[in-house]
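Accompanying notes for the structure given below.
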Amino acid sequence: DAFGLPAENYAIKHKVNPAISTKKNIAHFKKQMQMMGLSYDWAREINTTDPNYYKWTQWIFLELYKHGLVYEADMPVNWCPKCKTVLADEEVKENKCDRCGALVEHRNIRQWMLRITAYADRLLGDLPLLNWPEKIKIMQTNWIGRSEGTELDFRVENTDLKIKVFTTRVDTIYGATYLVLSPEHPIINQITSAEYKREVLIYQDRARKKSDIERQGNTAVKTGVFTGAYAINPANKKLIPIWIADYILMSYGTGAVMGVPAHDSRDWQFAKQFELPIVQVISRNGQSESKLAGPLTASGVLVNSGIFNGLSTNIAATKISTYLSSKKVVRYKLRDWIFARQRYWGEPIPLIRCPICGIQPIPVNDLPLKLPKVKHYEPTGTGESPLAKIDSWVNVKCPKCGGPAKRETNTMPQWAGSCWYYLRYLDPSNKKQLVNPKIEKYWLANKKTENFGVHLYIGGVEHAVLHLLYARFWHKFLFDLGLVTNKEPFYKLINQGMILGSGHEKMSKSKGNVVNPDEIVKKYGADALRIYEMFMGPLQDSKPWSTEGVIGITRFLDKVWQVALNTEKPKIKETLIGKEEKAQIDKLREETIKKVTNDIEGYRFNTAISALMIYTNALLEKEIRDKSYLAILVKLLNPFAPHMTEEIWQNFLKKKKPLELEPWPKWDYKKIIQKIAIIAIQINGKFRGNIEGKIGLNQEEALTLAQNSEAIHKYIEGQNIKRIIYIQDKLLNLVI
RNA sequence: GCCGUCGUGGCGGAAUUGGUAUACGCGCAGCGUUCAGAACGCUGUGGCCGCAGGCCUUGCCGGUUCGAGUCCGGCCGACGGCACCA
């Protein structure tokens, strides 16, 4: 997945075609993966920057377009006046351009948008189908941010103008003592009275220059400005002043809020600051208080609300809503997806702009629309993509009327290619279809579970709300087209933890704490690195790197070699091992098979490796020379240390068939069954020692054994046993 | 501020349904091996008192229970996400 900003910036800096530098990087990564012995099916390798791949990314885009899910809108972007280019949020640090340090401005430009909000309900509603970490589901739920409320019109005094307001607390409407608009609200121009115009313009200008962080950062002090205009509260017909404040966001709700200071903490703060009236309309007991100490945000009983007095908040909300004949609406925090980038290194958007016919999609037969070669990747200075400068590419005939037209020069964001790549793995070289439906069903549909898809998806939490939401959106769209069988793309999700620097901080070049895998492999071997990474701790946890820990693993692997070398010694030792000792080591072997098998199935690699260490230590201690013990060890260790175990398999065990094709061992229950139980003795819940007894003792037998035990006897001698708790073969607790 | 996750030795971390806390590994100490070192092997290694033996210990306080790292309540702290959402 190689489209995107880092590859483009590298291209600009080193004056190299990103197609070439990307190719080099891919080769390097591939070499590293092979060096580590990762078992990928390289026949299915795909590359999102390959025209054969992005042909289908563009095809999906055209389908989205045909289904009305693509539209154009003016959207604010970060603009660096010195570099004369649009910046990604990532390139803006503390409101300054990350490259040149100039102050970043906000500019509106035409952008292509994807209507992800049309899928908001389904993206939310289908979350329970997924076997995902609860944390990620909650993050997506909050990100989508569904809320039910009411939309109301407030008439502007002495005009025909109306201001639409969204509220979740229509029950508090009698307490609305002012109205606040976002500084970007389009109505401001029309309603601001002459004497306030200057102040309003200054305020709007200041808000535009503020970064989102600045604007939303200081929650203690609110800024605002009066427009000079008044609105009419539709409930009590009272005149209320219209203000502007930058804590109101144009992107949420309607960009206008009714201020109810008595029952909302932000409104309370704003009203206090600008000395606006505060009217209590909800009370705990049906009585209004003489003076409110702070906002009452809880539900209660209505007061000062005309005919609705005495009603509870819930009932009042419905009745007031009916009385004002207002609309019930559902709002989402989720915003539509800005799907255009003013960059070179991305999939060209396959649309044509004709002065006569308007926007025209390019014919499907013309796909892929290839990214042309350019000489310079630098921004154009006009805010357009470098593609805009290639006249021969830009100027085309309109596919509808044949007249002169121009290509769209923006490219897609780097998320596009990663939204559907898992489908292409199934059928990577299909020239006619995105994926063959039979193949899709074979891999992703499971009759037992209604919703399946990718069986296991491992990725970092950083994808919680972007990639994982975008991909779900596209998948649902493809489901609607009948191209995929399941509603959801990724059935099970695991978030692997990040490997941190030795001081628990993120690895980064600037901190100089990056560990280069090539060097570790060179020094300690790929098997040691693999095992160490799995042994460090649970897959899901972030863990600090420790090179000394790798050394510990090389010691373990050396011990495995020792076990192998022992099998070449004469077999006398074996006869010296007693029957009981042999039974013990057999039992440990079977327990190890069981534990390693179960741990791998539960992704608990750290404890599986620990079990293998225990088994290896035992084989070494007993100097076991029987090859069957070694064979089990290398098979169990094979997924962790494929290179070394294969070598032992062939050189010490003289096998011809590859170890990885050898069936996985099964444990023998009979060998695990214990004949002697070690029973823990507790006195008043406190551990006092163990007794050994036959398996299956009943309570009396266990008690007798305990009473006869020297170590236990002294604790219970002359004591009155009040209660006995006995768990067979495990524990005996005496309450005295 | 809201939401979420998590607090176990010097460190990374173990611990089925509540049932012997500290497995495994690192580090450290002593001994062996060596002319010496590295490497390796053996032994020890939660804390306190101590001659045998005992007491305490899973962030802190309390609760439930015969029994709590695990369950419940309240604090404290760390990390992550969202952030004036009307």
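Chain naming here is simple, since letters A, B, ... match the order of the sequence lines and numbering starts at 1 in each. We use all heavy atoms of the structure for the numbers below, so side chains are in, but hydrogens, waters and symmetry mates are not.
For G19(B), its base sits under 3.5 Å from the side chain of Gln682(A) at one donor and acceptor pair at least.
In G77(B) the O4'-C1'-N dihedral to the base is more than 90° from 0, which defines an anti nucleotide.
Regarding contacts with the backbone of G81(B), every side-chain N or O of Asn142(A) stays at 4.0 angstrom or more from both OP1 and OP2. In this structure, His504(A) reaches the G12(B) phosphate: one of its side-chain N or O atoms is under 4.0 Å from OP1 or OP2. OP1 or OP2 of G67(B) has not a single side-chain nitrogen or oxygen of Arg723(A) nearer than 4.0 Å. At C40(B), one or more side-chain N or O atoms of Arg555(A) fall inside 4.0 Å of OP1 or OP2 (strictly under the cut-off).
Remark: the separation of the P atoms in U43(B) and A23(B) is 15 Å, to the nearest Å.
For the pair Lys559(A) NZ and G25(B) C1', the interatomic distance rounds to 10 Å; values are reported in whole Å. For the pair Glu148(A) CD and C85(B) P, the interatomic distance rounds to 18 Å; values are reported in whole Å. Rounded to whole Å, the distance from CG on Asn495(A) to P on G4(B) is 17 Å. Following rounding to the nearest Å, Leu731(A) (CG) and U65(B) (C1') show an atom-to-atom distance of 14 Å.
Nearest to the side chain of Glu548(A), among A14(B), A86(B), C26(B), sits C26(B). Across G25(B), A23(B), C85(B), the shortest atom-to-atom separation from the side chain of Ile614(A) is found for A23(B). Among the nucleotides A86(B), G4(B), G41(B), the one closest to any side-chain atom of Thr167(A) is A86(B).
Between Tyr532(A) and Ile551(A), it is Tyr532(A) whose nearest contact on RNA chain B lies nearer the 5' terminus.
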